[in-house]
Structures are given as structure tokens and as C-alpha cells.
Amino acid sequence: MTTQQLENSVQDKNSPEYWDEVPNPAEMSFFDHLEELRQRIFVSLIAVLLSAIACFAFVKTIVAWLEVPAQGVKFLQLAPGEFFFVSIQVAGYTGIILAAPIILYQIVQFVLPGLTRKERRFLAPVVFGSSILFFAGLAFAYYVLIPAALKFFIGYGGDVVEQLWSIDKYFKFILLLMFSTGLAFQIPVIQLLLGMLGIVSSQQMLSGWRIVILASLILGAVITPSTDPLTQSLLGGAVLMLYFGGIGMVKLIGK
């Protein structure tokens with residue numbers, strides 16, 4: 001490459017037009033896009049299925065780990081095959097977690113051809129941050145929300161009724177709470193995307209703090225499968241902290 005060509009390359013990279021350009025755009029028809037989407041969904045489903053089958057082989061160990069927050073409560077199988085179907089649910093949810101990298105890869109490969117150079121620069125940090133926040137949400141639910149909710153329910157009426165719980169109802173409760181909390185922890189990622197795309201600024205996000213406080217309380221009540229105020233308040237507070245943390249990240253990127 002000559003000196004003149006190198007200077008032109010540097011100038012191009014410093015120009016707004018260079019970063020707003022879609023590199024190597026591929027012309028595809030609407031039906032080609034649908035076919036690609038179908039194939040990527042198929043690959044993702046196969047990954048989830050294989051992961052779920054692998055998890056089913058160790059499902060008793062996973063179930064024992066998920067029973068730890070129940071603090072020694074006895075579980076009952078109230079119908080034939082109830083624990084078997086619970087095992088399928090647990091293996092399915094765990095399979096989704098294990099297959100998440102493949103699912104994310106398929107999503108990235110589907111949207112990548114339509115992204116500009118500027119948008120591609122943020123793709124890896126957004127995907128990485130989203131993954132970290134999702135697992136942080138699962139950990140927060142397992143170590144904070146679930147023990148708080150179960151402690152409330154065990155303590156309330158513990159001297160009146162014996163704690164014998166349905167294994168099916170228990171796992172529906174904790175699996176729903178864990179995954180909904182993991183999704184709620186994606187709020188900063190959504191804020192970052194809105195800021196990068198110039199849809200909403202950090203100042204606009206901050207100006208609506210009153211609405212956000214109300215929305216966080218409502219979200220905590222809707223997402224939490226239990227009705228105790230402690231669990232709802234903990235989740236609502238976490239959502240509020242994540243929102244203001246997202247404002248800080250949007251501010252850092254100059255939006």
C-alpha cells in the first residue's frame with residue numbers, strides 16, 4: 001500500500017460516512033431471510049434439545065441443588081409421574097442456559113450483515129454484558145430473592161401448619177422467579193442500545209425517574225410469582241439500581 005493510499009484509508013476511517021456504512025452488504029430476498037431465520041432457529045432448538053438431554057442425566061443433582069433454599073422442607077409427589085415431569089422442566093430450563101452461547105451466536109450471525117461498522121463495534125460488549133447480567137440475575141434470585149421469599153412463607157404459619165410442599169409447585173415457583181429475574185437484569189443493556197442508537201439520551205432517562213420508581217415497583221410485583229412484599233421490594237430495588245446504573249453507562253459513552 002502506498003503512502004497516499006494509507007492516508008486515504010485513515011481519512012476514511014475518521015469520516016462519519018465510513019462508520020455509518022454497512023461493509024460488504026449482501027443482497028437477499030425476503031424469502032432468503034426467512035429461510036436463514038428458519039435454519040438458525042432450528043440449530044438453536046437442536047442445541048437446547050441436546051443440552052436438555054445431557055442435563056436430564058444429572059437432573060437429580062440439579063434438583064438437590066435447587067432444593068437447598070427450601071431449608072429442609074419436605075417435598076411431596078402428589079400425582080403419579082409428578083417428579084418425572086418436574087425433572088423434564090428442570091432439564092429444559094438448564095438446557096436453555098447451557099445452549100445460550102449457541103443461541104446468541106445464531107442471533108448475532110443473523111443480524112450482523114445488516115449492521116454498520118459503528119454498530120458492530122458495540123456488538124461484542126453488548127452480548128458479553130447481556131450474558132453477564134443474565135447470570136447475575138440468576139444468582140441474585142437464587143441467593144437473595146428465593147431464600148427471602150421462602151423464609152417468609154416458612155415463618156408465616158410455621159407454628160400452625162406442617163411444611164409439606166408439592167414438588168411441582170415449588171419448582172414452578174423458583175424456575176419462574178430465576179428466569180424472570182435474569183430477564184429483568186437486561187434493563188441496562190436495553191438502555192445502552194437505546195442510547196447508542198440515539199433514541200433516548202441519558203438526560204431523558206434521568207428526567208423520568210418518578211415514573212421509573214413506580215414502574216420498578218409494578219415490575220417487581222408482576223415478575224415475582226410470590227405475593228410477599230419483601231421479595232417484591234428486593235426485586236423492585238434491584239431493577240431501580242440497574243436502571244440508574246444503565247443511565248451511568250449511557251452517560252459514559254457520551255449519549
Side-chain angles (χ1 to χ4, degrees), residues 16 19-20 22 44 93 96-112 114-149 174-226 228-255:
W19 294 107
D20 291 336
V22 177
S44 300
Y93 277 101
I96 293 173
I97 294 175
L98 292 182
I102 297 176
I103 297 173
L104 282 174
Y105 176 79
Q106 297 300 320
I107 294 173
V108 168
Q109 289 301 310
F110 181 74
V111 302
L112 189 63
L115 298 181
T116 63
R117 288 187 175 92
K118 183 179 180 181
E119 292 167 341
R120 293 185 183 194
R121 292 173 62 189
F122 296 104
L123 186 60
V126 166
V127 171
F128 180 75
S130 176
S131 303
I132 294 297
L133 285 172
F134 180 76
F135 285 104
L138 295 181
F140 180 76
Y142 181 80
Y143 290 106
V144 179
L145 292 183
I146 293 174
I174 65 168
L175 291 174
L176 177 60
L177 183 56
M178 289 180 68
F179 269 80
S180 58
T181 305
L183 294 177
F185 268 54
Q186 301 300 305
I187 290 175
V189 177
I190 297 173
Q191 290 176 268
L192 198 58
L193 288 173
L194 293 176
M196 288 189 301
L197 296 174
I199 299 175
V200 183
S201 67
S202 58
Q203 190 62 37
Q204 290 174 318
M205 294 178 187
L206 187 60
S207 63
W209 64 270
R210 294 179 181 86
I211 299 175
V212 172
I213 291 177
L214 178 61
S216 65
L217 295 175
I218 295 174
L219 186 64
V222 171
I223 290 180
T224 307
S226 64
D228 65 290
L230 177 59
T231 309
Q232 296 176 4
S233 299
L234 286 172
L235 182 56
V239 167
L240 202 59
M241 292 178 61
L242 288 166
Y243 180 81
F244 285 108
I247 293 177
M249 288 192 296
V250 175
K251 190 73 174 178
L252 285 174
I253 63 173
K255 298 293 184 178

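Remember, predicted model here, so these are calculated numbers, not experimental data.
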> Output the distance between atom CG (L138) and atom OH (Y93), rounded to the nearest 0.5 Å.
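Reported value, rounded in 0.5 Å steps: 12.0 Å.
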> Tell me the closest heavy-atom pair linking Y142 and M178, and the distance in Å.
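Closest heavy-atom pair between Y142 and M178: CB-CE, 4.3 Å.
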> Tell me whether F128 at atom CZ has more than 12 heavy atoms from other residues, nucleotides or ligands lying less than 6.0 Å away.
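No, CZ of F128 has 12 or fewer neighbouring heavy atoms, counting only those of other groups under 6.0 Å.
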> Should the pair F134 and F179 be assigned to parallel (<30°), tilted (30 to 60°) or perpendicular (>60°) ring geometry?
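The rings of F134 and F179 stand perpendicular, inter-plane angle above 60°.
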> At their closest point, which heavy atom of V189 faces which heavy atom of S130, and how far apart are they?
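Scanning both residues completely, I find the closest heavy atoms to be CG2-CA, 3.7 Å.
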> Is there a donor-acceptor pair closer than 3.5 Å between any side-chain N or O of Q186 and the backbone N or O of L133?
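Such a contact is absent between Q186 side chain and L133 backbone.
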> Step by step, would you call I97 with F135 a side-chain contact (heavy atoms from CB on, under 4.5 Å)?
CA-CA 9 Å; I97 294 175; F135 285 104; 3.4 Å; yes
> Which heavy-atom pair separates A141 from P147 by the least distance, and what is that distance?
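Closest heavy-atom pair between A141 and P147: O-CD, 4.0 Å.
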> At what distance, to the nearest 0.5 angstrom, does CD1 of I146 lie from OG1 of T181?
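I146 CD1 to T181 OG1: 7.5 Å, rounded to 0.5 Å.
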> Taking side-chain hydrogen bond (donor to acceptor under 3.5 Å, both in side chains) as the definition, give me every residue that meets it alongside S44, ordered by chain and number, with sequence neighbours left out.
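S44 satisfies side-chain hydrogen bond (donor to acceptor under 3.5 Å, both in side chains) with no residue once adjacent residues are dropped.
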> Using 0.5 Å steps for rounding, measure from the CD1 atom of I174 to the CG atom of L177.
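These two atoms lie 9.0 Å from each other.
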